[in-house]
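The sequence lines fix the lettering, A, B, ..., with proteins before strands; numbering per chain opens at 1.
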Protein chains: 2
Amino acid sequence: MPTIKDVAERAGVSVTTVSRVLNNRGYISEATRKKVYKAMEELDYQPNEVARSLFRKKSNIIGLIVPTVAHPFFGQLTSYLETYAYSRGYKVLICNSQLDASKEQEYIWMLRRNQVDGIIMASHTLDVEEYKKLNLPVVAFDRSISRRIPYVTSDNYQGGRLAAELLLKRGCTKIAHMCGSLELDMLANQRHRAFMDVAEENKIPYFTVETDINVFEVSKYEELLTDLLVQHPDIDGLFLNSDIMAMAAMKVCSKLGKRVPHDMKIIGYDDVSIASLVSPQITTIRQPIAKMSELSVKLIEDLVNENSVSVENCLPVELIERGTT
Amino acid sequence: MPTIKDVAERAGVSVTTVSRVLNNRGYISEATRKKVYKAMEELDYQPNEVARSLFRKKSNIIGLIVPTVAHPFFGQLTSYLETYAYSRGYKVLICNSQLDASKEQEYIWMLRRNQVDGIIMASHTLDVEEYKKLNLPVVAFDRSISRRIPYVTSDNYQGGRLAAELLLKRGCTKIAHMCGSLELDMLANQRHRAFMDVAEENKIPYFTVETDINVFEVSKYEELLTDLLVQHPDIDGLFLNSDIMAMAAMKVCSKLGKRVPHDMKIIGYDDVSIASLVSPQITTIRQPIAKMSELSVKLIEDLVNENSVSVENCLPVELIERGTT
DNA sequence: CCATTTGTGCTAACCGGTTGACATACGCGT
DNA sequence: ACGCGTATGTCAACCGGTTAGCACAAATGG
């Protein structure tokens, strides 16, 4: 790898001059500028960003911690995040925590050691205190950690309401909601709050199925749903916390001989791209993933530049009614 | 951020000693080791990896270029890759090329500037020559670039054969294969070669549907498939180059009133997790994504350590027969 | 008691850039 | 001829580590 010194020698100028060209500072004549560019090209020179990062104390790297990028929601999120980040001059280091607390902690340390400019946390398994200790720009995704750490979310309560209300509107008389562990105080839990509120307001019986803490396994979803529907065959409406869960529900219904939407209405969450690819297409609550991603990157940028940021960043959701209701 | 100097002062030792503790070299007494660790802990010190990278000329970062991590196949691939990489002490910088040649080129430059130790290329839009110029450890995913650049793939020809043979075995009389652009010389094109071979050997009429170069859009798949099936209503077997395409095919069939698998047999590719989540579950050719990921990381590691590597790395595929055939 | 081994410190160089201070030189306008 | 803006160079310090070389002291052991 050629260094700035090689370029300087080849161009017949000093290192300082090359650096000035590289950084556009001070006086440089067109002639030398060209000489330098020519030398750089001939040597196929690219400045060593590690050296620059060291000096500038800024790596232009954002750390992104997700449960797993294999989950469609986080896959899409990651894709958008990376695209926006790159367009703003940031690179993205990905970390799949697998929703494992010790891994998450390790990743956080690793990101610190690597001097990332900020961390976008979309996996939340640690104690709130651990995140607070991080004296580093952090943006939380879908979780309110403290009054100091900004978060990006979408209107979970509204999402829960929209879903529950649609189930009732479509004539359901006994409904259930499957969600992740309600123990972690994630903002997504508001969906359940809203679901219960609507059911109670309308005096409709309802059930709650919580997955184990930290579980992302489809087979587990199927198992829980089968149990539920076998025990309560009169349930006629399901609200699921993700489109993947909704697909699992459709599969279980198909196995149990329940027709969707005739015998069972199903509503998913996220509006991930496959939601509209299955038949019947999944009715779902759309999260504005692209906008949430963009906002997250902007917040990191603002934190880095020490601009003031708003802590609460809640974007609207949208009911997308399709074939399962 | 505390530096090694702060640690040294706090522990009452020299910077050299701290460095020796950090790197486990030279003689260190238990007593000082403890003092140093204590100081590190009290200061919440973590060594600056940027500085280390600069000195060592090794960043322990692998660049990963995929078309988009939002595609389930690449999402799963990325997830596995990251996990293996991390377990071997590497971090992963992700790049979504969107199958755009200029973006891919930019990403490659960016990765070089950032001194990544190697690049795993799973997006291939550039001229072979561009990849050859990179004097950097590169592992290609599913493409043979040159005799010098190792690649990881699975047995595409066998995959194509298994699929085509199963369609025939299930009684199909007129079959079609939908694949990406055959212009790019990707190894995945062998699936089509095999498909044609089987059809010709058995004297069965067949069709080919190529997506545009670089297209990853589901709506485009649906459009192409609808056209095909409307023009040739007697087609009774489809082989698709991904499970996503297979889902699109199922959707189109459902729209056209064709029952799967009764009127139409469908075989996908990859065996991504959603393949077994839709009803009917998709018959597919499983690529060993986990193993391919592991192998890719190992190859990068070997290249970095200048061990000899085998250029051709082809893993077996497996037919997973489910409900669509 | 002397030779090693062990433990620690100091100094300086290095990784590949960036930057400020200062010197020098040329061309130009007045 | 003077002053100024432009153009470039030299030098040294710095970012936060690592490392080799050398010195020195204490502990160990034969």
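- For the pair L54(B) CG and dT18(D) C1', the interatomic distance rounds to 11 Å; values are reported in whole Å.
- Residue S29(A) has its side chain nearest to dT8(D) when only dC11(D), dT8(D), dT18(C) are considered.
- Comparing dT19(D), dG16(C), dG9(C) by their nearest atom to the side chain of T17(B) picks out dG9(C).
- The line from CD of Q46(B) to CG of N114(A) is 10.0 Å long, rounded to the nearest 0.5 Å.
- The phosphate of dG16(C) has OP1 or OP2 within less than 4.0 Å of a side-chain N or O from K57(B).
- R25(A) has a side-chain polar atom (N or O) that falls below the 4.0 Å cut-off from OP1 or OP2 of dT19(C).
- When the side-chain nitrogen and oxygen atoms of Y45(A) are compared with OP1 and OP2 of dG17(C), one or more of them lie within a distance under 4.0 Å.
- Across the interface with DNA chain D, nearest-nucleotide mapping of I28(A) and P2(B) shows I28(A) to be the residue nearer the 5′ end.
- Minimum atom distance to the side chain of N48(B) is reached by dG16(D), of the listed dG9(C), dG16(D), dA7(D).
- Within 4.0 Å (heavy atoms only), R20(A) reaches at least one base atom of the nucleic acid.
- Contacts of T32(A) with the nucleic acid, taken as non-hydrogen atoms under 4.0 Å apart, involve only primed sugar atoms and P, OP1 or OP2.
- Picking from dG9(C), dC15(D), dG16(C) the nucleotide with the shortest atom distance to the side chain of T3(A) gives dG16(C).
- We find that CG of N24(B) is positioned 12 Å from P of dT18(D), with the value rounded to whole Å.
- In this structure, the CG atom of L22(A) is 16 Å from the C1' atom of dT8(D), given to the nearest Å.
- Aromatic rings of Y90(A) and Y84(A) (six-membered ring for Trp) have centroids beyond the 6.0 Å cut-off, not under it.
- If you take CG of D6(A) and P of dC15(C), they are 11 Å apart, rounded to a whole angstrom.
- Distances were taken from every side-chain heavy atom of S19(A) (C-beta onward) to each of dC15(D), dT18(C), dT8(D); the shortest belongs to dT18(C).
- Ring pair F141(A)/F73(A) is tilted by interplanar angle, where 30° to 60° counts as tilted.
- dC10(C) atom P lies 14 Å from atom CD1 of I4(B), rounded to whole Å.
- Of the side-chain N and O atoms in R52(A), none sit less than 4.0 angstrom from OP1 or OP2 of dG16(C).
- At a threshold of 4.5 Å between non-hydrogen side-chain atoms, the residues D142(A) and Q287(A) count as touching.
- You'll find that the side chain of V13(B) is closest to dG9(C), out of dG9(C), dG9(D), dT18(D).
- Looking at S19(A), its side chain never comes within 3.5 Å of a backbone N or O of V15(A) through a donor-acceptor pair.
- The residue V50(B) sits apart from the nucleic acid: no heavy atom pair falls under 4.0 Å.
- A side-chain donor-acceptor contact under 3.5 Å links Q76(B) to the backbone of S273(B).
- Take the nearest nucleotide of DNA chain C for V15(B) and for F55(A): the residue whose nucleotide is more 5' is V15(B).
- Residue Y27(B) places its side chain closer to dT5(C) than to any other of dG5(D), dG9(C), dT5(C).
- Minimum atom distance to the side chain of S14(B) is reached by dC10(C), of the listed dC10(C), dC15(C), dT19(C).
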